[in-house]
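Some notes on the structure that comes next.
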Amino acid sequence: MKTKGKKALGALGEQVAAEYLQREGHSVLQRNWRGGHSEIDLVTLDRNGVHFVEVKSRTAPVEAAPEENVRAMKQKNITAAALKFLHQANLGGDKEIFFDVVAVVFDGERTEVKYFPQAWIPTYL
C-alpha cells in the first residue's frame, strides 16, 4: 500500500473506516466535520444512536496500537466538537451518543480494521 504522506494515509483510513461501518449498519452523516478547532472524522447513525468516530490510520509495522493514540485531550476535543454538532444537527428525538474509535493498519496488500465502540464515555458532557 503506497500513499503520499500522512494526510493521504488518513483520508484512505477514513474511507476504509466509513465503508466498514456502513457494512455494520451505520449511515454516514458527516465526514471531517469541523467544530471550532476540533474535527470529528466520522459522524454516523445506526439503530443504537449517533456515533462520533475517531479514525487512526497507520502503515505496518506499528510501534503502538493506533487506538492508543486517542488520549484524554483528544477525547475532550472531540466531545466538545460533538456538543457543537448536536446543537446544530436536527436529528429528531432523543438518541444515544457514542464515542468510538476505528483503527486501520495497512500492511502491504492487507488492511486490518479494528472497531472500538464506546471507546470512551465523557464525564463532562
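Computed over heavy atoms, backbone and side chain alike; hydrogens, waters and symmetry mates excluded. Note that the structure is predicted; figures quoted are calculated from it, not measured.
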Straight-line distance of K76 NZ to T79 OG1, nearest 0.5 Å: 10.0 Å
Mutual orientation of the aromatic rings belonging to Y115 and H26 [parallel < 30°, tilted 30-60°, perpendicular > 60°]: perpendicular
Linked, directly or transitively: I40 and F99 (ILVMFWY side chains, under 4.5 Å): yes
NE2 on H51 to CG on L29, rounded to 0.5 Å: 10.0 Å
D100/E54 under side-chain contact (heavy atoms from CB on, under 4.5 Å): CA gap, chis, key distance, verdict: CA-CA 6 Å; D100 307 341; E54 175 68 8; over 6 Å; no
Residue pair L42 / V55, side-chain heavy-atom distance below 4.5 Å: yes
Closest approach of G25 to D46 (non-hydrogen atoms, all atoms of both residues): O-CB, 3.8 Å
Close side-chain approach of Q22 and V28, heavy atoms under 4.5 Å: yes
Atom pair NZ (K56) and CZ (R58), whose distance is rounded to the nearest 0.5 Å: 5.5 Å
Min side-chain heavy-atom separation V53-V101 under 4.5 Å: no
Between F52 and F85, ring centroids under 6.0 Å: yes
Derivation of the side-chain contact (heavy atoms from CB on, under 4.5 Å) call for V102 and F116: CA-CA 6 Å; V102 175; F116 301 91; over 6 Å; no
Under-4.0 Å salt bridge between R31 and E14: no
Separation of E39 CD from I78 CD1 (nearest 0.5 Å): 9.5 Å
Over all atoms of both residues, closest heavy-atom pair of A81 and S38: CB-CB, 3.7 Å
Point-to-point distance, once rounded to the nearest 0.5 Å, from CG of L12 to OG1 of T59: 9.0 Å
Gap between atom CD of Q75 and atom CH2 of W120 - 0.5 Å precision: 5.5 Å
Contact check, side chains of W33 and Q88, non-hydrogen atoms, under 4.5 Å: yes
Side chains of T111 and V104 in contact at under 4.5 Å (non-hydrogen atoms): yes
Whether over 12 other heavy atoms sit under 6.0 Å from E96 CD: no
